[in-house]
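Given the structure is predicted, the values throughout are model-derived calculations rather than measurements. Each chain gets a letter, A, B and so on, in the order the sequences are listed, and its residues count up from 1.
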Amino acid sequence: MSNGPLSDLHAAVLEAATTLADAPPRSSPTLERPKQADFGDLSTNAAMLLAPLLKASPRDVAGRLGDELSGRLGEQLTRVEVAGPGFLNLFLGDAWFVEALRHVIDAGPEWGGGGATAVEKVDVEFVSANPTGPMHIGHARNAAYGDALSRILAFHGHEVEREFYVNDFGSQVRRFAESIRARRLGEEIPEGGYQGDYVKELVGLDDGEISLDEVGRRAVDEMVARTKASLAHFRVSTDVWFSERSLHPEKVEHAFSVLEAQGNTYRHEGALWCRTTDFGDDKDRVLVRSTGEHTYFASDIAYHQDKRERGFDRLVDVWGADHHGYIQRMKAAYAALGGDPETLELLIMQFVNLPKGKMSKRAGNIVTLDDLVEEIGVDATRWYLLQRSHDTTIELDLDLASRKTAENPVYYVQYAHARIQAVLDKAGRTQADAGFADRSLPLESGERALIMKLLAFPAEVAEASDRRAPHRIATYALELAQEFTAFYRDCRVVGSEVEDFRVALSITAQRTIARALDLLGVDAPHSM
RNA sequence: GCGCCCGUAGCUCAGUGGAUAGAGCGCUUGCCUCCGGAGCAAGAGGUCGUUGGUUCGACUCCAACCGGGCGCGCCA
């Protein structure tokens, strides 16, 4: 399907280029908004790609391409211009912009969505914080990212399942229980135990009569309940809560048999090993220790085998930066199971640094997700954590982020949305009035720029989805808000001769801002 | 030692082959009889870590090096 006027235009450029060269160019030509206004509305590098094929100078090819394109597009194209090393700059007519806006209006609130060419069933596993402590700032970033990515993938047209893996099995749960019991009895916390104040809050779960196993179960249940509440408050939803304990013993044994059937396990020094080195790992990994205990890795393999059998086209795991060394072995193990490692994406969230000291789970003074939300609010927290690429470490300046003023771009974007509402209220219009009569007067540059920005939305969504990059949406939302504000400054809406047109433009801008914010899980208020 | 991520304006960071490298914050100077001033306009501020290479063209791709972060368990 068409992603709108821009992709139609891009297709026209590609066709014209293909006609000229009798073959498509090696790489797809660009069609972008140039930085300078006098370079036209859009610019393509097609001629420079074609020049080697035609054995002609790029500027010469650009001239021929311009003629070809003018013939195809007629009055939509006011004029073309060859520039620089061989760019072809396109100057589009008002009629093109008016039709383009009509297309956006007709698309309604779904504008920008559904563009995925190959729809995939995707599992997104994120946060998966250990149920032995509260979620900290790193989990907050992971949660915001995984949630926004899920929203974006779904909006783009994929079928998404969101999943949280609960590590409710193994030695850490026992240590957790031991820590609680020790706390209850006033004894010293055991080596490698848990010390935070939250442990003290849990001593009531242990009446002294029940087994340590039971203490562990109750404590984990309580921590999971708290995690669910924190995430819900952070506007993060989860479809599946997958218990590690539920893997034992059947699913783990099943995974072992799958590996064994592929000939990828062996026994050595009393332990059971997985031959991950055959699949790119730098050493083989233990599945069952010589003591008979399963490793964490055994659980993870069983978990991924289970996901495999649930029939996804793609598995996405969002992990913390301290797990990056785990990627190679996990992919290797997935291949050893017979899976296609290309369909297993292991994404790493880089750290969030606090100006003073770093977060440490077992230290007493940690900044939790709940603290963050209480301090600076859901909207600002999500925006702050999502505005940067997941593979760069970010600094969190609590003072700055918490100021509800101009320093934080999220309020600027929300303000633009609220301001549009004020304009619509003043005009006595609603979202239902999006349609408009034909526009006769020439368009102002602010109108053209805003329409062009709206048209860019589907490509931004596609980019954010394909590259797992929610921060692109944040950047886009800010730019769109700026573009609307410029339009608002220069073009009177209420009472203008072209009020219908400008109301329609305002409505589409408001919808698109609201959609972009929603993809980030940020509210779009009608007033502030 | 090996591996992953990062190095772009004073600060925090966008920019995965195109023209004169951008935004927010901070700083300077203007703007409130005019649809919301949580705003707008203008300005100062850069050897895109370094050195080579590929290319008509490199912040972008490749190599080496320098600097920072994080990992390299029969822990989870």
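Among residues two or more places apart in sequence or in another chain, the side chain to side chain donor-acceptor pair (under 3.5 Å) test is passed with A:Thr227 by none. A search for side chain to side chain contact (heavy atoms under 4.5 Å, CB included) contacts involving A:Pro24 returns A:Thr18, not counting sequence neighbours. For A:Glu81, the salt bridge (charged side-chain N to carboxylate O under 4.0 Å, His left out) criterion is met by A:Arg79, not counting sequence neighbours. Partners of A:Thr277 by side chain to side chain donor-acceptor pair (under 3.5 Å), not counting sequence neighbours, listed by chain and number: A:Asp284. A:Glu395 is linked by a salt bridge (charged side-chain N to carboxylate O under 4.0 Å, His left out) to nothing, counting only residues two or more places apart in sequence or in another chain.
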Restricting both atoms to N or O, compile the protein contacts to nucleotides 1-4 of chain B shorter than 3.5 Å, with distance only.
from, atom 1, to, atom 2, distance (Å)
B:G3, N2, A:His324, ND1, 3.2
B:G3, N2, A:His324, NE2, 2.6

Output a table of nitrogen or oxygen pairs between the protein and nucleotides 28-32 of chain B separated by less than 3.5 Å.
none

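Comparing the same atom, C1', in B:C48 and in B:G39 gives a spacing of 32 Å after rounding to whole Å. The same atom, P, is picked in B:U12 and in B:G53; the two are 33 Å apart, to the nearest Å. If you take atom C1' in B:U47 and the same atom in B:U55, they sit 22 Å apart, rounded to whole Å. The same atom, C1', is picked in B:C59 and in B:G22; the two are 12 Å apart, to the nearest Å.
Taking a pair as Watson-Crick or G-U wobble with both distances under 3.5 Å, RNA chain B forms stems of 3 or more consecutive pairs at B:1-7 with B:66-72, B:10-13 with B:22-25, B:27-31 with B:39-43, B:49-53 with B:61-65.
Donor-acceptor pairing under 3.5 Å, judged by distance alone, is absent between the side chain of A:Thr475 and the base of B:A23. Residue-to-nucleotide contacts include a donor-acceptor pair under 3.5 Å from the side chain of A:Asn89 to the base of B:A19. Side-chain to base pairing of A:Ser290 with B:C74: one donor and one acceptor N or O lie within less than 3.5 Å of each other.
In this pair, A:Phe487 and A:Phe484 present their aromatic rings tilted. The plane angle is within the 30 to 60° band. The aromatic rings of A:Tyr334 and A:His304 sit perpendicular, their planes meeting at an angle over 60°, well past the 30° parallel limit.
Aromatic pair A:His139/A:Tyr145: centroids not less than 6.0 angstrom apart. In this structure, the ring of A:Tyr303 has its center less than 6.0 angstrom from the ring center of A:Phe242. Between A:Phe169 and A:Tyr296, the ring centre distance reaches or exceeds 6.0 Å.
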Distance-only check: which donor-acceptor pairs under 3.5 Å involve side-chain atoms of residues 519-528 of chain A, not counting sequence neighbours?
from, atom 1, to, atom 2, distance (Å)
A:Asp523, OD2, A:Arg235, NH2, 3.1

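Between A:Arg419 and B:G37, a side-chain N or O to OP1/OP2 separation shorter than 4.0 Å is present. Taking side-chain N and O atoms only, A:Arg289 has a distance below 4.0 Å to OP1 or OP2 of B:C75. Applying the 4.0 Å criterion to OP1 and OP2 of B:A76, one finds that A:Ser171 has a side-chain N or O inside that range. A sub-4.0 Å separation between OP1 or OP2 of B:G73 and a side-chain N or O of A:Lys283 is present.
Here A:Ala422 lies in heavy-atom contact (under 4.0 Å) with a base.
Nucleotide B:C32 is shown with a syn base, its glycosidic torsion being within 90° of 0.
Remark on RNA chain B: of its neighbouring residues A:Glu293 and A:Phe39, the 5'-side contact belongs to A:Phe39, judged by nearest-heavy-atom nucleotide. Along RNA chain B, the nucleotide nearest to A:Ala418 and the one nearest to A:Phe297 differ in position, and the one closer to the 5' end is contacted by A:Ala418.
Under the salt bridge (Lys or Arg N to Asp or Glu O under 4.0 Å) criterion, the residue pairs touching residues 382-391 of chain A are A:Asp147-A:Arg382, with sequence neighbours excluded.
When the C1' atom of B:A38 is taken as reference, atom CD of A:Gln482 falls 14 Å away, rounded to whole Å.
Residues of residues 520-528 of chain A having a heavy atom closer than 4.0 Å to RNA chain B, listed by number: A:His526, A:Ser527, A:Met528. For RNA chain B, the neighbouring residues in residues 486-494 of chain A, judged by any heavy atom under 4.0 Å, are A:Tyr488, A:Arg489, A:Cys491, A:Arg492, A:Val493, A:Val494.
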